[in-house]
Every structure is written in structure tokens, then in C-alpha cells.
There are 2 protein chains.
Amino acid sequence: MSKRTEKTIVDIAEELKLSVSTVSRALNNHPNISTRTKEKVKKMANKLGYRPNAMAAGLRNNKSRTIGLVVPRISMFFPATISTVIQNKLHEHGYHVLICQSNDSLEQEIALAETLYSTRIDALAVSSTLYTTDFSHFDIFKDNNIPLVFFDRVPKDYKVKVVKGDDYLGGYTVTEHLIEKGCKDIVHISGPLTCNLYTERVAGYKNALRKHKIPFKKSRIFYQELTKENALQACEKIFARPPYPDGVFAANDTTAITILEYCRKKNLRVPEDIKIVGYSNDPRAEIITPSITSVDQFPAIMGERVAKALLELLQQPGAPQRYSEDLVPIQLIERASSAAPVSASKTTVKKKAK
Amino acid sequence: MSKRTEKTIVDIAEELKLSVSTVSRALNNHPNISTRTKEKVKKMANKLGYRPNAMAAGLRNNKSRTIGLVVPRISMFFPATISTVIQNKLHEHGYHVLICQSNDSLEQEIALAETLYSTRIDALAVSSTLYTTDFSHFDIFKDNNIPLVFFDRVPKDYKVKVVKGDDYLGGYTVTEHLIEKGCKDIVHISGPLTCNLYTERVAGYKNALRKHKIPFKKSRIFYQELTKENALQACEKIFARPPYPDGVFAANDTTAITILEYCRKKNLRVPEDIKIVGYSNDPRAEIITPSITSVDQFPAIMGERVAKALLELLQQPGAPQRYSEDLVPIQLIERASSAAPVSASKTTVKKKAK
DNA sequence: TATATTTCCGCAATCGTTTGCACTCATGCA
DNA sequence: TGCATGAGTGCAAACGATTGCGGAAATATA
């Protein structure tokens, strides 16, 4: 019974004694249809409560007006913000967005690629798993010339459009910032090197050290998934015995926050005894006391650019997809956790924290 | 040319000298097909790189295996967490999720309902706009017996499944908590009353006051969209002149945080001079100093229940949809911002804040 | 051997739209 | 009056899968 209430263009055609083609064309504002007919058709469509069936149209046109979005998870600040922007932007252009989470599981990511292909999405944007080094499960899209763009966690040597933050510069900037604030022994908590963006931050970290003639020590760098638990474990090692580092560059803010709290508990003063810098400028970084210096990656801008890239590719079907890199700028947001050592520190910090 | 690489079941059938029906059935594990044939078909499907076309199947079956999700925005902690859970859970059952944002605009919500219907989603979950009081734009779904469940921001008197937090209890609990901690003049910053959940929290607030014989004052309650800007404006009014309140019940944590920071700037001590409680248990509430007492609404549980409700409805097609309310419990998370006034307050607070 | 039963498979219609092509009218012009 | 023109419309074939029904082959039963 719910079946029979679904009106189709056939119903409209019968009601109006017109052919379905005319109705279809009228609804799509085809130029060959007279204004009078168009009006009649649209009025009747309204009257009957007609709703187009996107699947039927999609089948015929071989396009779904839906684009896929694969992110590790949408509950994290950074991907969530990007997803928001992408979704809103594409919606403005009449596209739906299927947001999917890989939960940082390569297996899930592969399955997702497969099923998203089945829905015949018109384009795909993905920020990959931490552990994706082989991207061949996305080949189907490339081979069939379906627009594909990667962002944030992007592949190397894979012929696609890429939108990413300037991670090398980020790593360099943070490290140099800590050095300029007086740090001489800087720990870096990095994500796993399977993810290129961490490789680049590490490169930035190392180069900044080198430039300032600070020796790089293997024992001062950690590669791990950037969870709270892992951060705590790293802390246990770092602070097992002196000498303690005087600076920490954490590759995300969750890690930075965890370390800050750990230091607090250990009665290490931040920033007097040890300075901490995070990454991504999570809202929590600004709020905690002392507030944490972090790197803004401008997720909104990144989202805009991803959406723009997708739309451009959608407008030139058949255009060969090749590697091209769109670098989104970063900006160091200086806060209390890495402030210079002043005597009247306590109040100064408070003020800056504001 | 990308067209011609798209293999269909027809290709498989030709290759194997079988009929398309057999191929279709084989791929769908129909019992009437011999195991041998099924294996042959699947092998060939693999060999040809066949990928099912979900749109074609959907058109024929009149189902898309896609469910719609409409939330105000996915970048906010609470809806983001719920969306994550719903998406993951439904994906386990082979459903895609179209996540859409209304951006708290009724107009966008209405448009969304329309276009989501066009894609023939199999079910719809929505957390409505702050300003949605008329829900008739969702009638199409009800009329066509498409599973519809609301969560968090839910309608009243609209015959659908509803999953919501216990907002009355939340409002009551927070207020009573503040009273028990010694507050006698409690401000409540509420969301707009067009949204039922705020109405209920207000009711809880009022009833707690009444029970404890504290007079309710109209001047002590604010109805506004719960943004940072609005919170600041409210502060300006509240602290324009004494007497200052000794307790604030903010209906979200963004507001609570803003007020806390405002008080800090005004040199009002929290919790000694004024106690603050937020709502939703945003991650920031735990991290700020002093940490903010808040109400956990268990978004993960809510997400689970929404997903469960959707799946149940999907499994009994044609079942009449009627109002039914699933109340997710809430829990007050006591933190430093509302701690009892102790003499050695400073250290106590720190400890609790941990 | 003849008949009844399974088992397995094919035919063809169907889902709702879109679109190339052909066709019918008016109308304009010579 | 005859003919080209062009605007407006209709026919029918797709798009790729599913499925009720009927039938052939293989097997069991008498």
C-alpha cells in the first residue's frame, strides 16, 4: 500500500495526457518544452505529491549525485571540522555526501572502497588510515576515472589530487619555536611513520635541530598511535629518570594534553621546567591551564579546498587524474605552555592563557 | 571508454553461457542454484572485476540500503559522537549512512527532508533544528511508512519513535546539586524554548527550586542560542550589578566554559564565590581549570539505541509507526566548579580536578 | 519402463527516468 | 499554394539488476 502511493512521472503524464518524455523534460527545464507545458506539469507534480526517484535517474545517467567521504573517524575535532565544511559545500552544489569511517582500520577502509564503488558515487575524498601504505584498493576509482582526492593523510607516489597541510614546515616551526624559547633537549612524540605526514613532521623536527646545532637523539623520539594511553606510556619512559627533556613536541593535542597533565602531577612546571607544544589546535588546547601552544592547520580551509577540487574534477569528466599537491598553510599559535621563562611567570601565563 | 569497462551480470552470463537470472541468483546465494554454479559465477565475477550496481538493484527492489541522518552539525561533540556510533553500527548491518547537517536552519532541514526522500533512503534519523516546532516536512516518510526516529532534539506529539536524554531529570539534578552545595541564587542559561529538551530542563530547574523553597525569578533565567557570544552577553547582564548569583546552570558546556572564563576575568572565584554546572560533558569540561561539573548524556548509548531502533523498524516493514519514548539515562559528573566550600579549597579543588 | 519429484535454470517483465530520433503542426516566406 | 523552418511533443530503447513462473534434466519411486 505504501507502494501504490509513490507517484511517478507516468502518473503525471497520464493525468495530463502527455507523454512521459515531455513530463521528464518539463521537470528538467528542457528548452524544447514550452513554458505553458512546464507550468502545467510542475503544478500537477505538486498536486500529486510527486518526488523524483534519484535511483532511477541515477541508473539511467550513470551518476548518483553522491560523493563519498572516508575519514578515520568523525568524532575527532580535525576530521569532523573538515567533514562539516565538505558536506556543506558539496550540498550547495546539489551533491549528497556519504560520510564513512574507517576507524583507522585498513581492512575497513578496503571494504569501504568496495561498497562505495558499488553505490556508484560520483567522486571520493579520503583521509586514509594511519597504516595505509598501499593504496591500490582505490585503483577502481582511478581506473574508471572517478574523481579522487586525498586530504590530510595522503599517499605519496599515487597519481591523485592531494590536499594537505604543510607538515614539514609545521614540524620545523614547532621545533625552532621551542629552541628559540630556550629548549635544548626536545622530545618528539610522533605518529607512526607509515603515515607520511608524520614522516614530514619528523623531517622538520630533525632539520630544525640540525640547523640549531642540537644533536638528534633516537631515544628522544617516539612513534606511536597518538592516544592518551600511549602518551602516558611514553611519559613513563621519558620521566623514568633524569635528565628530563626541557621541551616536548607532540604530534597531536590529545598527546600534548596528556603530557601536560602528567607533568602537573609530577610537579614539573609548564612552561618553566618543560615546554609543551601540540598539533592541530584542538579546542581543548586553548582552554587548559596553562594553555597549550599548537599548530593551526585551518581545517575549514582544507575542507573548502577539498570540496573545490572535487567540484572541479566533477566538471571535467574524463580529465586524466594526476598527482598534484595543494598545500594548506599552517600557523603556530603561541600559548602559555611554551612561553619564555619570565620571573613573574604565574600571572603572565594566566594572562596569555586568557 | 570508462563506460565500457563497467562489467555487469550480463557480461558474466555471456562469458559463462548462463542466463542473467542464474548469475543474479548465484551472486545472491539463492538456494535454487547449485554450489558448483555459484562458485563458477563468483569466480568469473572476480575475474572480470564485476561490481554490483547498487542503483540498479535499488531501483528494482525499491530500497537503497542507505539511511539518512540529519543533525544540526557534525562538528559539535555531542552529535558527532552519536553520529559516529550510528554510522558504525548501521554499517555493520550493511547500510550506508548519509550524514547531513541542517546547520540549525529550519529551511535547510526542510530541503534536506525533500532531497533525502528523493534518494529513497530506507530510514531516517534526525535530531532537529533548535527552531523546529512543526515537523510536517517529515510526513512524507511517515506516510510512506519509512522508518523514522528522532533523537536528542525530538518532537512532542508527533507519532514517531523517539530516543532522548532524561532532560527533566537532568535539569532537576543539576539544580538540586547546586542547592545542596549551598547555592541560593541560581541562574539558568537555557536554550530557546522552541526546543523541547530545554523546556524540560527548565521544568526540572523550577521544580528543584520549588522543592527547596527557593523562589524562582524570571530575571534569573535566559533563553538563547547557546553560543559563546550569547553567553558573554548574558554575563554582561548578570554581572552588571550586584547581587551576583552564587550558582549558574548552563544548558551546555560552551556556555559554562565562557562563563567560567568571564568569572575568572572578573576575579570571581569558582567555586568559592560562584558555582558553575554545564551540560553534555564536553571533553573540554574536564580539562579546564577548575574542571566543570557537567551532565553526561551518554552519547554512545544514545547512538546505539537509535541504531537499534532503526534496525528494528527496518526489519518489520509496514509496521505502524507510533510514538514511543526511549529515555537514555543521564549522570551528573561532579567536578571542581561546583565543589562544596571547604576552607582548604584550593588544593581540594586541584585534586578533584585531576 | 513409466511416472512422480527434485533440482536447477531461463524467459521476460519490471523498477522510474532519460534521451536520440522522428514526427506533427503552425508559421513564414516566396 | 507550396515548401522550408522550427517549436513542441511522442515513441521506444536504454540503464543493470531482480524474480515469478514455467520448463528441462536428473533423480527417486512404483
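The chains referred to below are lettered A, B, ... by the order of the sequence lines, with proteins before strands, and numbering in each begins at 1.
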Legend entry - Ring-face cation of A:K142 near A:Y158 (centre distance under 6.0 Å, axis angle within 45°): yes
Legend entry - Contact nearer the 5' end of DNA chain C, comparing A:L27 with A:N32: A:L27
Legend entry - Closest-nucleotide 5' rank along DNA chain D - winner of B:N28 and A:V23: A:V23
Legend entry - Nearest-neighbour nucleotide for the B:I33 side chain, C:dG16, D:dA17, C:dC9 considered: C:dC9
Legend entry - Earlier contact from the 5' end, DNA chain C, for B:R25 and B:R60: B:R25
Legend entry - A:E6/B:R120 salt bridge by N-O under 4.0 Å criterion: yes
Legend entry - Protein-nucleotide distance (B:E14, atom CD; D:dG16, atom P), rounded to Å: 12 Å
Legend entry - For atom CG of B:D11 and atom P of D:dC15, their distance in whole Å: 11 Å
Legend entry - Listed nucleotide nearest any side-chain atom of A:L18, set C:dA13, D:dG10, C:dT17: D:dG10
Inset, instruction - Please work out if B:K63 contacts a base, only the sugar-phosphate, or nothing of the nucleic acid, heavy-atom cut-off 4.0 Å. - result: nothing
Inset, instruction - On DNA chain D, check which nucleotide each of A:V20 and A:S34 is closest to and give me the residue with the more 5' one. - result: A:S34
Legend entry - Under-4.0 Å side-chain N/O to phosphate OP1/OP2 contact, A:T37 with D:dG8: no
Inset, instruction - May I ask you to say what B:T8 touches in the nucleic acid, namely base, sugar-phosphate or nothing, with a heavy-atom cut-off under 4.0 Å? - result: sugar-phosphate
Inset, instruction - Look at the side chain of B:S24 and decide which nucleotide, out of D:dG16, C:dT17, D:dT19, has an atom nearest to it. - result: D:dT19
Legend entry - Sugar-phosphate only, base, or nothing, as touched by B:N53 at under 4.0 Å among non-hydrogen atoms: sugar-phosphate
Legend entry - Gap between atoms NZ and P, on A:K40 and D:dG8 respectively (whole Å): 13 Å
Legend entry - Test: A:K159 cationic atom under 6.0 Å from A:F135 six-membered ring centre, within 45° of axis: no
Legend entry - Pair A:S34-A:T37, side-chain donor/acceptor within less than 3.5 Å: yes
Legend entry - A:S105 and A:N103 side chains, donor-acceptor separation under 3.5 Å: no
Inset, instruction - Return the value, rounded to whole Å, for the distance between atom CG of A:L48 and atom P of C:dG16. - result: 14 Å
Inset, instruction - May I have the distance from B:L59 (atom CG) to D:dA14 (atom P), rounded to whole angstrom? - result: 17 Å
Inset, instruction - Calculate the interatomic distance between A:R65 atom CZ and C:dT17 atom P; express it in whole Å. - result: 16 Å
Inset, instruction - In plain terms, say whether A:K156 and A:E325 are close enough for a salt bridge, that is, a side-chain N and a carboxylate O under 4.0 Å apart. - result: no
Inset, instruction - Round to a whole Å and report the spacing from CD1 of B:I9 to P of C:dC9. - result: 15 Å
Inset, instruction - May I have the distance from B:N61 (atom CG) to D:dA17 (atom P), rounded to whole angstrom? - result: 12 Å
Inset, instruction - Consider the side chain of B:S21, meaning its heavy atoms from C-beta on, and name the nucleotide among C:dT17, C:dC11, D:dG16 that approaches it most closely. - result: C:dC11
Legend entry - Pair of N/O donor and acceptor under 3.5 Å linking D:dG16 base with A:R120 side chain: no
Inset, instruction - Please determine if a side-chain N or O atom of B:S19 lies less than 4.0 Å away from the OP1 or OP2 oxygen of C:dG10. - result: yes
